[in-house]
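In what follows, a single structure is set out as structure tokens and then discussed.
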Amino acid sequence: MYNLALTPALRSRADPDAAWDKAIAGAERIAGIEVGDEHERWIEDFRFLIRCVADVPGLTPIGWMTTIMDARQRMVNRLRIMDLHRRHPEIAEEPIRRPVFVVGLPRTATTLAHNILALSPEHRGPKLWEMMYTDVKRDQEVEQKRIKAVRRQFNTTRFAPDFDFIHPVDAEKPEESMFLLPHGLYHVLFHAPMPRYRSWLSDRDPAPDYRYLKAALQVLQYGRPTKRWVLKYPMDLDNMSVIRRVFPDAKFVWTHRDPNTVMGSLCSLADLAQSLFVRRVDRAELGAFALELMTEMVERGRSFRQRHRDSVIDVPYHRLVSAPERYVPELYERLGTRWTLADGEHLTNVMRNPVRDRKHEYTLAAYGLTEAGVEEAFGDYITWNTTLNS
């Protein structure tokens, strides 16, 4: 129904450059800030992404419109962030000390680990609405309007009710930093296969994206209590070396779970996401692509871990989920964070929340995968992961 209603909007796909130029002009109006030369690289990078999306076979009107709207929203946010840095140079002096990055394959309890760590009185995780409207402290009325706007925008039940069970989002809770990072593998895994974009990503230095992330955190920290940032984005596993360059004292919390369970769950999530973007999802192609992507990420992560063992804390999924009252205080200690009575109360509240993805059913076979094939692809990581979780 929604795709049918949006079909006329798909016509702008024929000229993606014009569609992006129109979105930029809209961003200028919304932000009330003129686009300057310092945004040229950002604009051209998004222009390339939009061209790649326009070339996707079977692209849906929803897929096209959400791409343009997301790009425009990110442009508005960037204009605001950079303008604040320009008008208040002292923002750039805000120290982002010892940030924690929660990484790991998707569906390995990264969200649980993030929620537990971000609720500490000494920590802070960027909330979804803050990443969509990154700004210095404003009055309560303005912030409430922004929270309501984000709730409306992320009402996924309009298009895919199952999303609320697989990966629920809340405007007022910490979310993945992908909402600040402009580019990444999520576009090809959760939107549509785009070989040109993936190749472009592999040749591109993502350091500017993480410097932008730092600039955004400085804005959110300015004029507010300084706490230790806890960020989460599973696919940061692919860029740990880059993150270390931008945040030299960063710590990584890496969650580990049986890859056979991970791959089935991940493919099911990606299948649902892609079904909004394209008219037909090739499940066998999705399975092969996701397996290739995840094994590459693990290998890069393990390579970094070998060189920086002091920066990486391994978190077994089984221990985190089955015995959090024993394991989480130990995790806090390894991060150099005090465990308090308030932390214990927060942990109880987090673990009390119902498991909302029980309706999330999946099989490897549905995506052309087998346990033997997954085990062969991941190699000795399977054995190491089993030992870690035993």
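Note that the coordinates shown come from a computational prediction; the quantities given were computed from them, not determined experimentally.
- Under the ring-ring contact (aromatic ring centres under 6.0 Å, His included) criterion, Phe277 pairs with His191, not counting sequence neighbours.
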Next on the checklist: Could you walk me through whether Val298 and Met294 satisfy the side chain to side chain contact (heavy atoms under 4.5 Å, CB included) test, starting with their C-alpha distance in whole Å, then the side-chain angles of each, then the deciding distance to 0.1 Å, before giving a yes or no?
Outcome noted: CA-CA 6 Å; Val298 164; Met294 295 303 104; 5.6 Å; no
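- Cation-pi geometry between Arg74 and Phe46 is not met at under 6.0 angstrom from the ring centre and within 45 degrees of the axis.
- Between Tyr222 and His88, the ring-plane angle classifies as tilted under the 30° and 60° cut-offs.
- Within a 6.0 Å radius of CG in Asp37, no more than 12 heavy atoms belonging to other residues, nucleotides or ligands are found.
- In this structure, Asp170 does not pair ionically with Lys127, as no charged nitrogen and carboxylate oxygen lie closer than 4.0 Å.
- The distance between the ring centers of Phe289 and Tyr367 does not fall below 6.0 angstrom.
- The pair Asp45-Arg204 meets the salt-bridge criterion, with a side-chain N (NZ, NE, NH1 or NH2) lying under 4.0 Å from an Asp/Glu carboxylate O.
- Ring-plane geometry between Tyr381 and His256 is classed as tilted, the angle between the planes lying from 30 to 60 degrees on a 0 to 90 degree scale.
- For Glu44, the side chain to side chain donor-acceptor pair (under 3.5 Å) partners are Arg47, not counting sequence neighbours.
- None of Arg138, Lys148, Lys137 except one satisfies the salt bridge (charged side-chain N to carboxylate O under 4.0 Å, His left out) rule with Glu143; the exception is Lys137.
- Each salt bridge (charged side-chain N to carboxylate O under 4.0 Å, His left out) pair with one or both residues in residues 363-381, not counting sequence neighbours, appears once here: Arg302-Asp380.
- Taking the side chain as every heavy atom from C-beta outward, Tyr210 and Leu213 approach each other to under 4.5 Å.
- Under the 6.0 Å cut-off for aromatic ring centres, Phe304 and Phe252 qualify, their centroids lying closer than that.
- Inter-residue side-chain proximity for Leu180 and Asn77 is flagged as met; some heavy-atom pair is nearer than 4.5 Å.
- Note on ring orientation: taking the six-membered ring where Trp is involved, the planes of Trp339 and Tyr332 are perpendicular (angle over 60°, cut-offs 30° and 60°).
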